[in-house]
Structures are given as C-alpha cells and as structure tokens.
Amino acid sequence: MPLRPARRRRRHAARTALVVLATAAAAALSAAPPAAAADTWTEVGSDRADPLTESQGLTSVEVPAGSPNRYTGIGTIPVGLSVRGWNHVGDPDASYDGYYVEPYQQDSGTSKMFRVQAPGGGWSEYVHALSPGEALNNSWVAISPDGQWMLAGEWGTMTRLLVFPTPGVNAGTSPSANLPQASTVRLDHAVRDVQGCDFSGPTTLLCSSDDPEGSLFGMTKPLLQVDLSAQPGSSDATGHVTALRRLPLRSGCSGSLEAEGIDYDRRTGTLRVIVVSPGFCVLTDSKTYRFTRG
C-alpha cells in the first residue's frame with residue numbers, strides 16, 4: 001500500500017537526520033588526531049654475529065663521522081672491569097653527538113654501572129645504587145634523541161622502564177656521585193625479558209624481547225614497539241606496548257635461540273637485532289638480522 005503524505009514526510013525527515021548525524025560523525029573522526037600506528041618491519045638480510053664480541057648488543061655511532069658499528073659481548077669486557085666483578089655487559093647505545101654508553105652488572109650486589117666513552121675517547125664510570133625493589137640486571141640502555149635522558153630495563157616480567165639522566169651528557173651527573181633514577185615509564189602491558197631497546201623517534205622505542213613463553217603477546221621472542229606519552233625526562237610517563245612480529249628463529253641446531261640487543265640507525269632507516277643460536281651453532285649461525293619498514 002502506498003505511503004500517505006504525512007508518513008512519507010516523517011520517513012524523509014528521519015532519513016535526513018541520519019544523514020546529518022553520519023556527516024557530523026565523519027567530520028569529527030577526520031578532525032581527531034590519528035592514534036600512533038605501529039610500524040611493519042620486513043627482514044632484508046643478516047650478518048654472522050661473533051659469539052664472543054657480538055653476542056650481547058650493538059649500536060650505530062654517528063660521531064665521529066664514518067665510525068663503525070659497535071658491539072658488545074663477553075669478549076669486549078675489559079679485564080680491569082671483570083676482576084672487579086663487572087662480568088656482564090648488555091646492549092649499549094650512543095647519543096647523536098658521540099657519547100657511547102655500556103650497561104654493566106655483577107652476579108650480586110646493590111648497584112649497577114654505566115661505562116661512558118666521551119667523543120674525545122676518554123672513559124668514565126657511573127654507578128647507580130639500586131632503589132628499593134629494583135632488579136640487579138642491567139640488560140640495556142637507550143639514549144633519548146635529545147641526549148639528556150637514558151632508559152634502562154630490568155630482566156623478567158616487568159611493567160616499567162627506568163629513566164636516568166644520561167651519564168656524561170646531562171649536567172646533573174658526575175662519576176663521583178650516585179647516578180639517580182629520574183623517573184619511570186609505566187607500561188600499559190607487561191613485557192618479559194627485554195634484551196634491548198632503541199629510539200626510532202622522539203617518543204617511540206623498538207625493543208627485542210627474549211620471552212620464551214609467548215603468553216603475553218601470543219608469540220615468543222617478539223619485536224615490540226613502545227609509544228611514550230611524552231619525551232623522557234624528570235616526570236613519569238606511560239608507554240603503550242605493541243607486539244610487531246616474531247624475530248627470526250633459524251638455526252642448524254635444535255634448542256632455544258636467544259634474542260639479544262637491538263639498534264635503529266636513523267641515517268639509513270635500518271633496524272638490526274642479534275639472535276644467538278643454541279649449542280654448537282652459537283659459533284656458526286648466530287645472526288644480526290636487518291629490517292626495514294614496510
């Protein structure tokens with residue numbers, strides 16, 4: 001039966017109202033700032049990682065120009081540090097103006113140490129006394145793009161990252177004084193066994209996780225992205241964690257591979273992650289994998 005004029009007018013008015021609401025909603029969405037998008041990283045190649053000198057961490061160095069990439073492993077620990085108990089070195093980082101920082105830990109104790117090389121070549125040591133509840137592990141450091149702040153992480157399942165003034169760079173640091181924790185990054189999702197992080201932007205970190213369980217993100221050994229609510233500093237911030245992909249786990253030997261340090265080179269846009277092979281294959285097919293966006 002055909003609609004009567006009054007009903008036709010009401011139906012037309014309803015359709016008009018829906019169109020207006022839809023248009024307004026679309027305009028509001030287009031005006032809103034987009035949420036931070038997680039990057040996609042594609043494997044593009046690999047290089048053999050020496051088990052003694054390239055098995056813990058790595059970083060690209062911009063100053064002086066033409067500097068080679070630097071690596072850490074048990075074979076890079078100076079004898080003078082080892083005899084004093086600093087027998088583990090983690091994933092290092094370098095500021096854009098040439099300060100190079102290595103994180104060290106001992107088997108026991110109440111402190112961790114950051115060894116710094118200035119652009120001129122001189123070395124200095126900065127010791128941090130553990131805060132209540134802080135883990136002894138000193139797995140990695142990541143220097144903020146402005147150079148003033150340094151993030152570090154603890155081993156195990158964690159919901160935070162630690163923030164320090166960058167030793168040797170930040171004017172508030174001295175080798176003769178305790179290096180204090182400045183603030184904390186509170187994560188919105190737990191992470192496990194993070195072996196390295198590096199900044200890929202002012203508020204974006206890329207991290208390698210050696211998580212052997214896979215219960216946190218549905219995969220073992222994930223590459224993580226952490227989007228910070230603000231640039232690191234003396235005030236606490238939050239971090240949104242996203243699992244981007246599983247790291248390559250290929251070896252001629254059976255057993256558990258270990259994800260190690262990570263580096264992002266802003267000059268080339270290349271991401272590199274060390275993955276160490278199990279058993280005898282640690283000597284033959286441990287790799288530093290290379291990735292690019294897309």
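Along the sequence shown, residues carry numbers from 1.
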Which heavy-atom pair separates P180 from N178 by the least distance, and what is that distance?
-> CD-O, 3.1 Å
Which heavy-atom pair separates P92 from L58 by the least distance, and what is that distance?
-> CD-N, 3.5 Å
Please determine, by modelled atom types, if S139 and N137 share a side-chain donor-acceptor pair under 3.5 angstrom.
-> no
Side chain T166, main chain G147, donor-acceptor under 3.5 Å | yes
List, by chain and then residue number, the residues other than W155 in its hydrophobic cluster (Ile/Leu/Val/Met/Phe/Trp/Tyr, side-chain heavy atoms under 4.5 Å); write none if there are no others.
-> none
Scan residues 239-294 for pairs that pass disulfide (SG to SG under 2.5 Å), counting only residues two or more places apart or in two chains.
-> C253-C281
Locate the shortest heavy-atom distance separating V191 from L187; write the atom from each residue and the value.
-> CG2-CD1, 3.8 Å
List for me each residue that meets ring-ring contact (aromatic ring centres under 6.0 Å, His included) alongside Y126, sequence neighbours excluded, and say none if there are none.
-> none
Assess whether side-chain hydrogen bond (donor to acceptor under 3.5 Å, both in side chains) is satisfied between D47 and T288, documenting all intermediate values.
-> CA-CA 5 Å; D47 303 290; T288 297; over 6 Å; no
Contacts of type ring-ring contact (aromatic ring centres under 6.0 Å, His included), residue Y99, not counting sequence neighbours | none
Return yes if some donor-acceptor pair links the side-chain N/O of H88 with the main-chain N/O of Q105 below 3.5 Å, else return no.
-> no
W149, V101: one ILVMFWY side-chain cluster at the under-4.5 Å cut-off?
-> no
May I ask you to decide if F217's main-chain N or O and H189's side chain share a donor-acceptor pair within less than 3.5 Å?
-> no
Given side chains that start at C-beta, do those of M150 and P167 come closer than 4.5 Å, heavy atoms only?
-> yes
Any side-chain heavy-atom pair from Y96 and D146 closer than 4.5 angstrom?
-> no
Hey, could you give me each pair passing salt bridge (Lys or Arg N to Asp or Glu O under 4.0 Å) that has a residue in residues 196-218? Not counting sequence neighbours.
-> R192-D211, R192-E213, D210-K221
For residues I274 and A49, report the shortest heavy-atom separation together with the two atoms involved.
-> CG2-CB, 4.3 Å
Side chain proximity check, P119 to D97, heavy atoms < 4.5 angstrom | no
Non-hydrogen side-chain atoms of S111 and Q106 separated by less than 4.5 Å | yes
Separation of Q225 CD from S200 OG (nearest 0.5 Å) | 6.0 Å
Please name the pair of heavy atoms, one in G233 and one in S183, separated by the smallest distance, quoted to 0.1 Å.
-> O-OG, 2.6 Å
Answer with yes or no whether the side chains of T59 and D93 bring together a donor and an acceptor at under 3.5 Å.
-> yes
Counting only N and O atoms by type, is there a donor-acceptor contact under 3.5 Å from the side chain of S277 to the main-chain atoms of V282?
-> no
Among pairs that include at least one residue of residues 44-156, which meet disulfide (SG to SG under 2.5 Å), considering only residues two or more places apart or in two chains?
-> none
Residues E54 and R48: closest non-hydrogen pair is OE1-O, 3.5 Å
How many angstroms lie between atom CG of D39 and atom CZ of R245, to the nearest 0.5 angstrom?
-> 13.0 Å
Say whether V163 and L179 are linked into one hydrophobic cluster, either directly or through other cluster members, by side-chain heavy-atom distances under 4.5 angstrom.
-> no
Output, in order, the C-alpha distance, side-chain angles, deciding distance and verdict of salt bridge (Lys or Arg N to Asp or Glu O under 4.0 Å) for E102 and R70.
-> CA-CA 11 Å; E102 293 178 340; R70 300 185 70 161; 5.2 Å; no
Members other than L206 in its cluster, when Ile, Leu, Val, Met, Phe, Trp, Tyr link by side-chain heavy atoms under 4.5 Å?
-> W41, L223, L244, L247, L249, L257, I262, Y264, L271, V273, V275, Y289, F291
Minimum side-chain heavy-atom gap S286-E260 below 4.5 Å | no
Could you note down all residue pairs passing disulfide (SG to SG under 2.5 Å) where residues 189-246 supplies at least one of them, sequence neighbours left out?
-> C197-C207
Scan for salt bridge (Lys or Arg N to Asp or Glu O under 4.0 Å) pairs involving residues 154-164, sequence neighbours excluded, and state none if there are none.
-> E154-R160
Looking only at atom types and distance, does a side-chain atom of T72 sit under 3.5 Å from a main-chain N or O of Q56, one as donor and one as acceptor?
-> no
Please check if any side-chain donor atom of H240 sits under 3.5 Å from a side-chain acceptor atom of D188, or the reverse.
-> yes
For the hydrophobic clusters of this structure (ILVMFWY residues joined by side-chain heavy atoms under 4.5 Å, transitively), does one cluster hold both V241 and L151?
-> yes
Could you tell me whether a side-chain N or O of D265 sits under 3.5 Å from a main-chain N or O of T270, the two making a donor and an acceptor?
-> no
Side chain D263, main chain S60, donor-acceptor under 3.5 Å = yes
Do Q148 and V169 come within less than 4.5 Å of each other through their side chains, counting heavy atoms only?
-> yes
State whether a side-chain donor-acceptor pair under 3.5 Å links T220 with R246.
-> yes
Has the side chain of K287 got a donor or acceptor atom that lies under 3.5 Å from a matching backbone atom of S251?
-> no
Has the side chain of Q231 got a donor or acceptor atom that lies under 3.5 Å from a matching backbone atom of P202?
-> no
Would you mind listing the cluster partners of I77? Hydrophobic ones only (ILVMFWY), side-chain contacts under 4.5 Å, chaining allowed.
-> L81, W86, V89, Y104, M113, V127
Test side chain to side chain contact (heavy atoms under 4.5 Å, CB included) applied to L136 - qualifying residues, sequence neighbours left out = L130
hydrophobic_cluster_shared for F164 and V116, side chain cutoff 4.5 Å = yes
Any chance you could pull the hydrophobic cluster mates of I74, using side-chain heavy atoms under 4.5 angstrom and chaining through other members?
-> L52
Using a strict 4.0 Å threshold on nitrogen-to-oxygen distance, state whether R250 and E43 make a salt bridge.
-> yes
When you measure from the side chain of S174 to the backbone N and O of S176, does any donor-acceptor pair fall under 3.5 Å?
-> yes
